[in-house]
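Below is one structure, written out as structure tokens, with a few remarks after it.
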Amino acid sequence: MTDVAERLSAIDAAIADAARRAGRDPAGITRIVVTKFHPASLVRELYELGVREVGENRQQELSAKTAELADLDDLRWHFIGQAQTNKAGAIRRAAHAVHSVDRARIADSLDRATFDDSVLDVLLQINLTDDPGRGGVAPGDLESLAEHVLTLPTLRLRGVMAVAPLDEDPAAAFARVHGYAERVRAIAPDAGWISAGMTGDFAEAIAAGATHLRIGSAITGPRPAQG
Ligand SMILES: *Cc1c(COP(=O)(O)O)cnc(C)c1O
């Protein structure tokens with residue numbers, strides 16, 4: 001087995017373990033492999049190992065890789081980075097799901113960027129810190145953003161996304177996310193996705209009900225220097 005294959009199967013075993021400890025069915029958990037800064041060839045290798053969900057956090061890299069890998073037509077691309085309104089069209093053309101909708105303006109731009117009759121899956125990114133400069137909607141504005149997204153015909157509100165703060169126990173942070181997810185579900189009953197958990201904290205995220213994990217370096221290996 002290659003290093004990537006070994007790491008992938010070790011992480012999948014750890015995910016299944018964490019799910020069992022939490023009394024959950026591992027089949028209810030989607031493992032997204034975050035491939036940012038790695039070449040398209042690595043994504044192709046992951047695809048050959050059975051990976052069908054990948055994540056990118058920069059629009060240009062997402063667009064370049066989706067173009068290069070257009071033959072992998074059942075590969076699903078998740079955009080997980082901060083989204084700029086002037087990039088909404090490019091993001092929409094390349095991504096199947098956008099995890100980082102955190103304000104009405106970006107939701108509007110993604111909606112207006114529709115180019116066919118498809119519906120784009122979106123998640124509301126929640127800021128778990130007190131620093132408004134970090135990505136994410138403040139928890140107090142979550143319901144109004146959810147209500148706004150529900151008015152946009154080409155977006156499908158799927159749930160919430162969050163990154164655990166560095167200075168907080170991830171279990172406590174993800175417990176808060178679970179509560180925020182419930183608040184969104186009260187408005188949008190179908191929006192059941194919880195995108196949470198990365199290399200360092202996916203077990204805690206699973207214990208708190210995460211449905212979508214975004215795991216990078218534990219599977220891909222260390223990221224090359226950021227360009
Ligand atoms: C890079 C990134 C990840 C994956 O991080 P790892 O620690 O390498 O698993 C997950 N979520 C977001 C938003 C990221 O930018």
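Start at 1 and go down the list; that is how both ligands and their atoms are numbered. Each residue takes its place number in the sequence, starting with 1. FYI, side chains are in, hydrogens and waters are out, and symmetry mates aren't considered; it's all heavy atoms of this structure. The model shown is predicted, which means the values in this text are computed figures rather than measured ones.
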Give a table of atom pairs where an N or O of ligand 1 lies under 3.5 Å from a protein N or O.
{"from": "ligand 1", "atom 1": "8 (O)", "to": "Ser217", "atom 2": "N", "distance (Å)": "2.8"}
{"from": "ligand 1", "atom 1": "8 (O)", "to": "Ser217", "atom 2": "OG", "distance (Å)": "2.9"}
{"from": "ligand 1", "atom 1": "8 (O)", "to": "Arg223", "atom 2": "NH1", "distance (Å)": "2.8"}
{"from": "ligand 1", "atom 1": "8 (O)", "to": "Arg223", "atom 2": "NH2", "distance (Å)": "3.3"}
{"from": "ligand 1", "atom 1": "9 (O)", "to": "Thr199", "atom 2": "N", "distance (Å)": "2.9"}
{"from": "ligand 1", "atom 1": "9 (O)", "to": "Thr199", "atom 2": "OG1", "distance (Å)": "2.6"}
{"from": "ligand 1", "atom 1": "9 (O)", "to": "Gly216", "atom 2": "N", "distance (Å)": "2.8"}
{"from": "ligand 1", "atom 1": "11 (N)", "to": "Arg214", "atom 2": "NE", "distance (Å)": "2.9"}
{"from": "ligand 1", "atom 1": "15 (O)", "to": "Lys36", "atom 2": "NZ", "distance (Å)": "2.7"}

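When all heavy atoms of Pro139 and Ile126 are compared, the closest pair comes out as CG-CG2, 4.1 Å.
The residue from Lys36, Arg76, Lys65, Arg214 that alone fulfils the salt bridge (Lys or Arg N to Asp or Glu O under 4.0 Å) condition with Glu56 is Lys65. Between Ser195 and the choices His212, Gln125, Arg158, His99, the side-chain hydrogen bond (donor to acceptor under 3.5 Å, both in side chains) rule is met once, by His99.
Ion pair Arg20/Asp17 flagged as a salt bridge, since at least one NZ, NE, NH1 or NH2 atom sits closer than 4.0 Å to an Asp/Glu carboxylate oxygen. By the 4.0 Å N-to-carboxylate-O rule, Arg44 lies close enough to Asp71 to be salt-bridged with it.
Other residues, nucleotides and ligands contribute over 12 non-hydrogen atoms within 6.0 Å of the CD atom of Glu6.
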